[in-house]
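Atoms within a ligand are numbered from 1 in the order they appear, just like the ligands themselves.
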Amino acid sequence: MVTITVCVGSSCFLRGASQVIEGFRTLIEREAPGLVELKGSFCMERCGNGVSVQIGDCIFADVRVEDVESVFREHVLPAVEKKAGCAPNVNH
Ligand code: FES
């Protein structure tokens with residue numbers, strides 16, 4: 001099971017965390033139902049670079065709603081298929 005955690009702290013919320021969550025939810029339902037867990041978290045202490053998203057052990061910064069699909073395809077699906085590890089990275 002791959003876990004996506006989206007920061008829903010106040011700064012990330014103002015930067016569009018709800019839309020980012022909705023984008024991931026739609027993609028999970030369509031492409032990997034039952035294989036990806038989606039969670040919210042309190043502040044990840046990267047407020048200046050939100051929306052902050054953690055996928056497995058990796059933190060991604062500055063994730064906008066328009067980035068969700070590429071992050072999902074490049075980092076979530078490979079993790080689901082266990083094709084790729086994910087080096088810690090603050091940018092996507
Ligand atoms: S509010 Fe998201 S990192 Fe602080």
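- Contact atoms of ligand 1 toward Arg46: 3 (S) (distance under 4.0 Å to a heavy atom of the residue).
- Close contacts between ligand 1 and Ser11 involve ligand atoms 1 (S) [criterion: under 4.0 Å to a heavy atom].
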Assess the residue pair Asp62 and Arg64 against the criterion (side-chain contact (heavy atoms from CB on, under 4.5 Å)); give the C-alpha distance rounded to whole Å, side-chain angles, the decisive distance to 0.1 Å, and a yes or no.
CA-CA 6 Å; Asp62 201 22; Arg64 308 288 169 174; 2.7 Å; yes

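- Residues Glu69 and Leu27 are in side-chain contact: their nearest non-hydrogen atoms beyond the backbone lie under 4.5 Å apart.
- Near Ser52, with a cut-off below 4.0 Å to any heavy atom, the atoms of ligand 1 are 3 (S).
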Intermediate values then yes/no, side-chain contact (heavy atoms from CB on, under 4.5 Å), Ile55 and Thr3:
CA-CA 6 Å; Ile55 299 169; Thr3 300; over 6 Å; no

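- When each atom of ligand 1 is checked for a heavy atom of Cys7 under 4.0 Å away, the hits are 1 (S), 2 (Fe), 3 (S).
- For ligand 1, the atoms closer than 4.0 angstrom to any heavy atom of Cys47 are 1 (S), 3 (S), 4 (Fe).
- Put simply, Val65 and Val36 are part of two different groups of oily side chains (I, L, V, M, F, W, Y) that touch within less than 4.5 Å, one to the next.
- Note that the CD1 atom of Ile28 and the CD1 atom of Ile4 stand 4.0 Å from one another [nearest 0.5 Å].
- Not a single N, O or S atom of Cys12, from either the backbone or the side chain, sits less than 2.8 Å from atom 4 (Fe) of ligand 1.
- Per-residue contacts place Cys43 under 4.0 angstrom from the following atoms of ligand 1 (heavy atoms of the residue considered): 1 (S), 3 (S), 4 (Fe).
- Under a 4.0 Å N-O distance rule, the pair Arg25/Glu29 does not qualify as a salt bridge.
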